Amino acid sequence: TVVEQTVGTTDAIFVPIFDAFGGTNTETVKTFVPNPLDIHPNAAGYKEMSTALLEAISKQVAFEQSPEPELPTPIDVPEDLVNHWAKEEMLLLLQSNFLKVDQEGKIYPNKEITRAEVATILYQAFPRTTVVPENPNFKDVPESHPAYMAIAVLTEAGIFAKGDQFNPDHPITRVQLAKVTALSFGLQQVGNPVVFKDVSTKYWAYDYIQALATNKIMIGTKAGAFNLHSNMTRAEFAVVVTRLLKSKGILE
């Protein structure tokens, strides 16, 4: 429900009373909420609510008084990251739970990163709203999609553009990443602009690119191009996000 989802984004505890009141059994529900025009329960209903609340409180107290869990042991360096040029950045994101290894213990640094993966990681780093977002109604992102909440929140915030399709499994390009990261972290151009031979001052993403380039978050090639439409790998993305998180004090 909306209430339960909203509570889940805060430190509050959701106490369900649906089953206590009889669930889908209409006759049982009537014994606690006899007036269909009045949402308030009777005395018996309030008693059931009190019982449910006390049980929830007792469980929470028991949880808070439980022994502190042991600190996790240092993570093992994934096999495919041992001698990789972006090892340090990828390990930082791995230790911060922004990235995860698969069942084989691999992280695939050279694999292209998808739009859904980027949305999920930015959602973790982006200040979360306590209000359940509106469904952006992407035809390829149902509410059951694992990245639905991240995509919905960031779309509502204007980070990702609305449309018929989100293309969650498509790789994200450098220009697309420049836009969503500049907006997510509120980056602005600092100092003189950086000249890229493939980015005119009238290009739609010029300001986003300058925000990343002048802050030394994303740089161009030795040939002086930004490579707008090149797909980002997981390693390249890790370097960009690590620089952003460090610039905002989220990572040290």
Side-chain angles (χ1 to χ4, degrees), residues 80-81 84-86 89-90 92-93 98-100 107-126 136-141 145-190 193-248:
D80 54 353
L81 198 59
H84 198 275
W85 63 271
E89 291 83 0
M90 295 205 76
L92 276 174
L93 295 192
F98 287 119
L99 286 177
K100 298 183 184 299
I107 198 167
Y108 304 100
N110 300 320
K111 181 181 178 182
E112 293 173 339
I113 193 163
T114 68
R115 288 168 56 84
E117 289 174 322
V118 169
T120 299
I121 295 171
L122 290 181
Y123 174 63
Q124 291 176 271
F126 191 75
N137 293 316
F138 291 114
K139 293 180 180 178
D140 51 359
V141 185
H145 193 284
Y148 168 79
M149 184 59 70
I151 292 170
V153 168
L154 296 181
T155 301
E156 187 170 80
I159 309 301
F160 285 96
K162 292 184 177 180
D164 288 337
Q165 305 281 337
F166 183 81
N167 298 319
D169 299 323
H170 286 197
I172 197 165
T173 64
R174 285 174 58 83
V175 64
Q176 290 171 341
L177 185 66
K179 174 197 170 184
V180 298
T181 52
L183 290 175
S184 291
F185 290 87
L187 286 186
Q188 300 290 331
Q189 176 181 326
V190 294
V194 178
V195 177
F196 297 107
K197 64 182 183 182
D198 56 347
V199 183
S200 73
T201 56
K202 296 182 179 179
Y203 186 63
W204 68 269
Y206 177 81
D207 289 341
Y208 303 133
I209 292 170
Q210 289 302 324
L212 273 292
T214 59
N215 281 281
K216 303 186 186 308
I217 304 298
M218 292 180 72
I219 58 178
T221 66
K222 292 181 179 179
F226 187 77
N227 278 4
L228 294 164
H229 305 296
S230 294
N231 296 333
M232 296 289 294
T233 65
R234 290 164 65 83
E236 291 169 337
F237 175 75
V239 171
V240 170
V241 172
T242 298
R243 290 172 180 168
L244 282 165
L245 294 174
K246 285 184 176 181
S247 72
K248 296 297 182 180

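Owing to the predicted nature of the structure, the values given are computational and were not obtained by experimental measurement.
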Asks: If we ignore hydrogens and angles and just use 3.5 Å, is the side chain of Asp80 paired with the main-chain N or O of Ile107 as donor and acceptor?
Replies: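 Checking the backbone N and O of Ile107 against the side chain of Asp80, a donor-acceptor pair under 3.5 Å is found.
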Asks: Once rounded to the nearest 0.5 Å, what's the spacing between atom NZ of Lys179 and atom CH2 of Trp204?
Replies: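 So the NZ of Lys179 and the CH2 of Trp204 are separated by 6.0 Å.
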Asks: Within a 6.0 Å radius of atom CD on Gln165, are there more than 12 heavy atoms belonging to other residues, nucleotides or ligands?
Replies: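 More than 12 within 6.0 Å, yes.
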Asks: How close do Ala178 and Tyr208 get, counting heavy atoms only, and between which atoms?
Replies: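 So the two residues come closest at O-CB, 3.8 Å.
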Asks: So, Asn215 side chain and Gln188 main chain: donor-acceptor pair closer than 3.5 Å or not?
Replies: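 Yes; judged by distance alone, with no hydrogens or angles, the pair exists.
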Asks: Grab the two heavy atoms, one from Ala161 and one from Phe138, that are nearest each other, plus how far apart they are.
Replies: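 Taking every non-hydrogen atom into account, O-CZ, 3.5 Å.
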Asks: Using side chain to side chain contact (heavy atoms under 4.5 Å, CB included), reason through Val175 and Tyr203 one step at a time and then give a plain yes or no.
Replies: CA-CA 11 Å; Val175 64; Tyr203 186 63; 3.8 Å; yes
Asks: So, Ser184 side chain and Thr181 main chain: donor-acceptor pair closer than 3.5 Å or not?
Replies: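 Such a contact is absent between Ser184 side chain and Thr181 backbone.
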Asks: Identify the two heavy atoms, one from Tyr206 and one from Pro193, that lie closest to each other, and give their separation to 0.1 Å.
Replies: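 Heavy atoms only, the tightest pair is OH-CB, 3.5 Å.
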Asks: Tell me whether Thr214 contacts the main-chain N or O of Val190 through its side chain, where contact means a donor paired with an acceptor under 3.5 Å.
Replies: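 Yes; at least one donor-acceptor contact below 3.5 Å.
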Asks: Side chains of Val180 and Ile172: does their closest heavy-atom pair fall under 4.5 Å?
Replies: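 Answer yes - side chains close enough.
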Asks: Is Arg115 positioned over the aromatic face of Phe166, cation under 6.0 angstrom from the ring centre and no more than 45 degrees off axis?
Replies: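 Yes, cation above the ring, under 6.0 Å and within 45°.
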Asks: Of all the heavy-atom pairs spanning Ile121 and Ile113, show the shortest one and how long it is.
Replies: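 Heavy-atom minimum between the residues: CD1-CD1, 4.4 Å.
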Asks: For Thr242 versus Ala238, what's the shortest heavy-atom pair and its separation?
Replies: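 Closest approach of Thr242 to Ala238: OG1-O, 2.6 Å.
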Asks: Should Met232 and Val240 count as side-chain neighbours, where that means a heavy-atom distance under 4.5 Å?
Replies: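 Yes - at least one pair of side-chain heavy atoms lies under 4.5 Å apart.
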Asks: Assess whether atom NZ of Lys248 is packed by more than 12 heavy atoms of other residues, nucleotides or ligands within 6.0 Å.
Replies: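 Yes, the 6.0 Å shell around NZ holds more than 12 heavy atoms from other groups.
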